[in-house]
K.L.:
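Structure in structure tokens, see below.
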Amino acid sequence: MNFTANMGDLLLITPMIALFIASLIPITIKVLKGNVEQKPIATLAQALLGIVAAAGFLIVFGGSGKTAFNDVLIFDGITQWMGLIALSAAAGSMILMYENPSTRGVQFSELVFLSLSSILGMMILISALDLLMIFIGLELMSLSLYLMIGMSHEQRLAKESAFKYFVLGSFASAIFLYGISFVFGSSGQTNILKLLEVTMNLIQSNQMFLFGMILIVVGFCFKVSIAPFHAWTPDVYQGAPTPHTAFMATAVKVVSFAAFLRIIATRPLIASDNLFEVLQWLAVITMIVGNTAAILQNNVKRMLAYSSIAHSGYLLIGVITAGISDNGTIGASSVIFYLFAYSLMTIGSFALVSMMEKTEDHSLEVGDLAGFAKKRPILALSFAVFMFSLAGLPPSLGFFSKFYLFNAAIGEGLIWLAIWGVLNSVISVYYYLRPVVMMYMHEGESDVASANHFATAITIVVTAILTLLLGVVSGPLLTLVESSLI
Amino acid sequence: MILSTLIFLPVLFAIVIALWPQKSTIRPIALGFSIAHFIFGLTLFREFDPNIADLQLVEKYMWMERFGIQYFLGIDGISFWLIQLTVFLAPLILLASWKSIDKNIRGFHICFFILQTAMLGTFLAFDAILFYVFWELSLIPMYFMIGIWGGARRIYATLKFFIFTMAGSLLMLVAIIYMMFLTQQAFGTMSSSLLDFYKLSIPFIGHEFFSMQTLLFFAFALAFAVKVPLFPLHTWLPDAHVEAPTPGSVVLAGVMLKMGTYCYLRWVLPLFPEATEYWAWIFIMLGVIGIIYGALVAMVQPDIKKLVAYSSVSHMGYIIVGIFVFNHLSLQGSLYQMLNHGISTGALFILIGMLYERTHSREIKHYGGLASALPIYTIFFFIVTFSSIAVPLTNGFVGEFLILLGTYKAIPMAAIFSVTGVVLGAAYMLWMCKRVFFGEKGPLVADAHHPLVDLNAREIVILVPFVIMIFIMGLFPNVFLKWSEASVDYLIKNKANYELTIKGAK
């Protein structure tokens with residue numbers, strides 16, 4: 001294979017280059033200063049600058065639908081939008097890292113380096129158009145993340161969580177890679193575009209190809225925590241430091257779904273009846289498992305982890321819809337919009353959890369929120385907005401994202417999936433209201449842990465305002481996403 | 001812009017109250033706002049033309065082009081009086097809350113005004129999605145109202161209220177989206193405007209449950225049945241009423257329950273005429289069961305407020321029967337009964353609240369001989385009771401009479417069973433009055449250390465408008481009925497394919 005790279009290709013990957021350079025700045029400074037940590041605010045500023053630059057390059061050069069390096073990377077609407085959502089979610093999580101007790105202070109430059117490497121992996125993942133490239137992106141993202149969780153100051157749970165995540169994550173990667181080998185063996189291709197041309201034939205006739213595809217799907221189901229492959233999620237989300245949980249629940253999930261969408265949401269693949277059936281049932285089971293298990297949780301982070309599983313189920317409906325639609329891109333754009341709304345609400349919720357952690361070993365229970373509304377009315381109101389929005393109540397962003405998703409599903413005739421979706425929303429109301437009940441309807445003395453959580457507080461308020469108001473004006477936004485996907 | 005102003009003025013009030021510097025003046029300011037809102041609502045009498053059935057004062061703007069969702073408001077004879085009821089009750093409710101709400105006054109008023117917006121929006125929205133947004137939005141302030149200012153079991157009650165209502169309405173969302181696709185098939189472009197929905201002809205196959213119109217019909221009807229509440233979905237109501245603070249109970253009984261019955265008239269009947277006709281017997285039967293069951297259960301309640309709550313189940317049963325019998329008399333009666341119930345039950349809850357503020361008990365057995373201790377209170381209570389049990393000359397009589405007359409013309413059996421509700425209603429209310437107001441003085445009334453004080457000026461000011469309305473509506477029903485006449489007539493005459501035209505539009 002002759003390899004040629006031209007200037008255009010390099011321009012396309014400028015977001016990645018920006019992230020890579022930004023990731024090196026803090027640790028280089030630390031080394032030059034003789035292993036002395038610079039001010040964390042400076043580190044944060046450098047990181048955010050890198051992210052903003054990456055986002056800027058993505059807006060300017062991405063989204064054209066061009067491919068780079070012999071069709072290994074693609075920069076289309078999905079790349080652009082998912083990339084922007086992931087970058088802003090990551091930026092939000094990094095603000096939390098800056099102030100959370102278990103991540104701030106010493107080794108902050110190393111943490112920022114790892115985070116930015118992880119984000120670099122994400123950018124590769126969302127633009128990858130080749131199964132091996134997807135694997136590289138996935139691994140770069142995940143390996144950095146294992147280290148991030150493992151190096152936190154929190155002693156017991158985080159180490160356990162890092163190890164569990166590492167073992168199960170590697171397991172999922174192995175399954176994924178194994179699947180790729182079968183697909184390559186049976187079709188001779190790893191490039192998704194070329195693969196799609198032969199899928200229609202192979203999926204019906206070639207068992208080996210189908211087997212490989214199923215393994216790839218299973219690998220992704222692990223990553224985006226689709227039941228029954230979700231078991232790692234609650235433990236890891238609870239054990240990891242809260243900013244990292246926010247990072248995993250938003251940015252990582254967004255990009256994993258982007259890649260999932262690229263592979264699975266294709267008509268030839270979904271056309272396989274069995275796979276179509278199985279995916280629908282996976283979506284239903286995931287929603288039910290996530291929502292019912294969340295009811296039983298007392299730990300806020302664990303509850304949000306199960307809620308994040310449930311939202312994966314809703315998103316899978318959108319992915320299936322995107323797969324079976326002949327024309328139009330309402331399925332894919334509703335998934336993108338849902339991920340955007342979900343990331344916004346989730347970052348905000350975890351930001352509040354992070355604010356209320358007194359020490360690195362403290363984990364927030366629902367009961368700890370008692371009386372919070374009296375002490376901090378604005379923060380409590382913001383948290384209530386997130387909860388109502390996650391439950392999908394109008395006029396919040398959460399309602400409109402669910403509306404778009406179910407609208408797309410019903411439009412493709414998946415009415416029964418939409419009905420499962422709304423029934424699950426009813427179940428979810430119960431546990432989303434529990435923190436609200438605690439904050440507003442119980443007496444108590446709960447308060448934020450310390451005063452120096454300024455940036456986190458700003459993050460909460462900004463995300464809450466966006467969650468509350470953006471829904472009403474979201475129509476043009478959705479149209480914009482939709483038109484960029486064509 | 002009148003309707004938008006009417007809907008969104010309360011939001012403005014809520015914002016002003018949220019930012020108002022002094023805590024002590026919030027109450028009078030909020031009261032002033034609500035009176036201003038009421039007076040503004042009176043301008044509708046001038047702007048609204050009762051002689052035509054068209055949709056009036058229409059405001060229509062594209063909201064989300066992609067799905068054909070519009071910001072679409074309008075008013076006709078069916079919603080006219082409910083709007084007036086909503087703005088009429090507001091100042092009275094706020095004045096009644098002066099003593100019963102003693103913590104977080106600012107929060108209470110914000111909740112109240114947002115609730116006003118949601119309720120008015122539900123009555124005036126003519127776009128399915130806009131309607132759904134307002135419909136669900138009304139849950140949130142009510143949820144806080146019961147949960148924060150309610151009684152001992154408030155959290156159980158508020159969660160039950162919230163989950164019941166939401167469970168009912170989410171299937172409606174699926175049905176709405178489905179109908180949006182039906183408009184796309186029929187007219188080429190997607191639309192969620194109610195007027196476009198009216199134009200659809202949805203295939204109906206009788207005796208087959210899994211047919212399109214029947215399923216859509218039940219998806220909508222279920223949502224509204226929970227709200228009304230129709231037996232056997234009523235169980236959230238007694239809990240919510242008993243635990244809610246007085247203002248919450250009044251809004252709930254006075255306006256929120258009417259959202260359910262109003263939506264039957266606005267959404268279910270015109271949209272699914274065949275299915276409504278075919279399945280009406282279920283609703284008439286459940287309505288009649290609700291009338292009798294509610295009355296019987298009310299009879300044995302030891303708690304006055306719970307008694308009135310069950311009486312609501314009974315009264316709402318009449319309205320449902322009247323709607324599904326579907327002739328001119330019964331529909332007019334149902335609309336009238338919606339207003340009556342709002343006024344009489346609202347007044348009853350306020351009266352019970354006043355008693356509770358004095359004694360902190362609602363147990364009937366703790367009272368007795370209250371008539372001699374609180375004479376003015378007793379007079380008001382009896383007038384309202386008469387209205388509630390439909391004594392002639394009061395408003396309740398007109399509504400129930402019209403419904404029963406209409407029902408008798410169509411389905412005599414249903415009317416005969418419903419009439420037992422009138423008798424039972426008189427029985428439980430009067431029996432309760434006997435035990436509370438007459439006989440030997442109960443422990444709370446006879447307590448010499450805490451002598452009971454009769455109504456003060458503020459409380460009389462609250463009750464007088466109710467009493468005036470009870471008699472005006474009882475003596476001059478035509479004054480009120482003529483405003484809804486044209487619309488009801490039009491609905492009956494065009495029931496097979498109902499379409500609404502916008503006033504002034506060709």
Side-chain angles (χ1 to χ4, degrees), chain A residues 330 333 373-374 377-378 381 384-385 388 391-396 399-400 402-413 415-430 432-434 436-443 471-483, chain B residues 18 62-69 71 103-104 106-107 110-111 118 121 129-140 143-144 146-150 154-156 158-160 162-182 184-185 190 192 215 219:
Chain A
I330 179 69
S333 49
K374 206 167 253 174
I378 293 175
L381 186 65
V385 167
F388 281 124
L393 278 159
S396 63
F399 166 73
F400 284 97
K402 275 210 175 84
F403 170 74
Y404 299 142
L405 200 71
F406 293 149
N407 192 300
I410 291 173
E412 291 301 329
I415 298 171
W416 78 285
L417 272 185
I419 291 177
W420 273 111
V422 296
L423 291 181
N424 269 286
S425 299
V426 178
I427 306 176
S428 72
V429 168
Y430 181 77
Y432 285 131
L433 287 185
R434 276 184 66 206
V436 182
V437 165
M438 271 295 157
M439 290 190 301
Y440 281 91
M441 301 169 197
H442 282 274
E443 299 294 320
V472 179
V473 293
S474 60
L477 205 61
L478 187 83
T479 316
L480 190 68
V481 174
E482 214 182 335
S483 59
Chain B
M62 195 47 100
W63 179 14
M64 285 182 201
E65 190 101 44
R66 171 69 180 77
F67 303 100
I69 300 173
Y71 175 81
K103 60 173 183 184
N104 199 353
R106 192 190 300 271
I110 294 171
C111 273
I129 296 300
L130 184 68
F131 159 77
Y132 188 82
V133 167
F134 282 124
W135 170 271
E136 291 275 279
L137 179 66
S138 71
L139 292 183
I140 297 169
Y143 162 78
F144 281 114
I146 301 175
I148 298 178
W149 295 277
R154 60 185 192 277
I155 289 163
Y156 168 77
T158 195
L159 275 180
K160 194 170 174 182
F162 199 101
I163 290 174
F164 257 70
T165 325
M166 181 149 178
S169 45
L170 273 167
L171 281 179
M172 178 169 74
L173 179 63
V174 176
I176 289 175
I177 296 175
Y178 190 78
M179 292 191 69
M180 289 167 69
F181 280 100
L182 288 182
Q184 191 178 29
Q185 277 172 19
M190 201 186 272
S192 61
L215 288 176

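Order of the sequence lines fixes the chain letters, A, B, ..., with proteins taken first and strands second; residue numbering starts at 1 for each chain. Everything numeric in this text was worked out from a predicted model, so none of it was measured.
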K.L.:
Parallel under 30°, tilted from 30 to 60°, perpendicular over 60°: which one fits the rings of A/Phe403 and A/Phe399?
P.N.:
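The arrangement is parallel - the two ring planes meet at less than 30°.
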K.L.:
B/Met64 versus A/Ser474: any side-chain heavy-atom pair under 4.5 Å?
P.N.:
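Yes, close enough: below the 4.5 Å cut-off.
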K.L.:
If I measure from the heavy atoms of chain A, does B/Leu159 come under 4.5 Å with its side chain, its backbone, both, or neither?
P.N.:
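Just its side chain gets close to chain A.
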K.L.:
Given A/Lys402 and A/Val422, is the side chain to side chain contact (heavy atoms under 4.5 Å, CB included) satisfied, shown in steps?
P.N.:
CA-CA 9 Å; A/Lys402 275 210 175 84; A/Val422 296; over 6 Å; no
K.L.:
Can a donor-acceptor pair be found, under 3.5 Å and without considering hydrogens, that links the side chain of B/Trp63 to the backbone of A/Val472?
P.N.:
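Pair found, side chain donor or acceptor close to backbone of A/Val472.
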K.L.:
Return yes when atom NZ of B/Lys160 has more than 12 non-hydrogen atoms of other residues, nucleotides or ligands closer than 6.0 Å, and no otherwise.
P.N.:
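Yes.
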K.L.:
Please flag which part of B/Phe67 lies under 4.5 Å from any non-hydrogen atom of chain A: side chain, backbone, both or neither.
P.N.:
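The side chain, not the backbone.
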K.L.:
Working to the nearest 0.5 angstrom, can you tell me the gap between B/Ile176 CD1 and B/Leu171 CG?
P.N.:
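Those atoms lie 11.0 Å apart.
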K.L.:
Which atoms of B/Ile129 are under 4.5 Å from chain A, going by heavy atoms: the side chain, the backbone, both sets, or neither?
P.N.:
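Side chain only.
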K.L.:
I'd like to know which of B/Met190, B/Gln184, B/Glu136 tops the heavy-atom pair count under 4.5 Å against chain A.
P.N.:
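Max contact count across the listed options: B/Glu136.
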K.L.:
Please check if atom OH in A/Tyr430 has more than 12 non-hydrogen atoms from other residues, nucleotides or ligands closer than 6.0 Å.
P.N.:
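For A/Tyr430, atom OH is not crowded (no more than 12 foreign heavy atoms under 6.0 Å).
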K.L.:
Among the options A/Leu478, A/Thr479, A/Val436, pick out the one with the most heavy-atom pairs lying under 4.5 Å from chain B.
P.N.:
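Top count of heavy-atom pairs under 4.5 Å with chain B: A/Val436.
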K.L.:
Checking B/Phe162 against chain A: side chain, backbone, both or neither under 4.5 Å from a heavy atom?
P.N.:
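B/Phe162 touches chain A through side-chain heavy atoms alone.
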K.L.:
Look at A/Leu433, A/Val429, A/Val437 and state which one has the largest set of heavy-atom pairs under 4.5 Å with chain B.
P.N.:
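Most heavy-atom pairs under 4.5 Å with chain B: A/Leu433.
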K.L.:
Given side chains that start at C-beta, do those of B/Met172 and B/Trp135 come closer than 4.5 Å, heavy atoms only?
P.N.:
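Sidechains of B/Trp135 and B/Met172: in contact.
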K.L.:
Could you look at A/Phe406 and say if it's the side chain, the backbone, both or neither that has a heavy atom under 4.5 Å from chain B?
P.N.:
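Contact with chain B: backbone and side chain both.
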K.L.:
Looking at A/Ile378, I want to see if its CD1 is surrounded by more than 12 non-hydrogen atoms of other residues, nucleotides or ligands under 6.0 Å.
P.N.:
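Atom CD1 in A/Ile378 is not packed in, count stays at 12 or less.
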K.L.:
Heavy atoms only, distances under 4.5 angstrom: which of B/Tyr178, B/Phe144, B/Phe134, B/Tyr143 has the most pairs with chain A? Name it, please.
P.N.:
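So the answer, after comparing B/Tyr178, B/Phe144, B/Phe134, B/Tyr143, is B/Tyr143.
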K.L.:
Considering only heavy atoms, which portion of A/Phe400 lies under 4.5 Å from any heavy atom of chain B: side chain, backbone, both, or neither?
P.N.:
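For A/Phe400, the side chain is the part near chain B, not the backbone.
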K.L.:
Taking side chain as everything from C-beta outward and backbone as N, CA, C, O, which of these in A/Ala409 sits under 4.5 Å from a heavy atom of chain B? Side chain, backbone, both or neither.
P.N.:
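Neither the backbone nor the side chain of A/Ala409 comes within 4.5 Å of chain B.
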K.L.:
Is it the side chain or the backbone of A/Leu393 that comes within 4.5 Å of chain B heavy atoms, both, or neither?
P.N.:
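When you check distances to chain B, only side chain atoms of A/Leu393 fall under 4.5 Å.
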K.L.:
Can you tell which part of B/Ile148 gets under 4.5 Å to a heavy atom of chain A, answering side chain, backbone, both or neither?
P.N.:
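Its backbone and side chain both get close to chain A.
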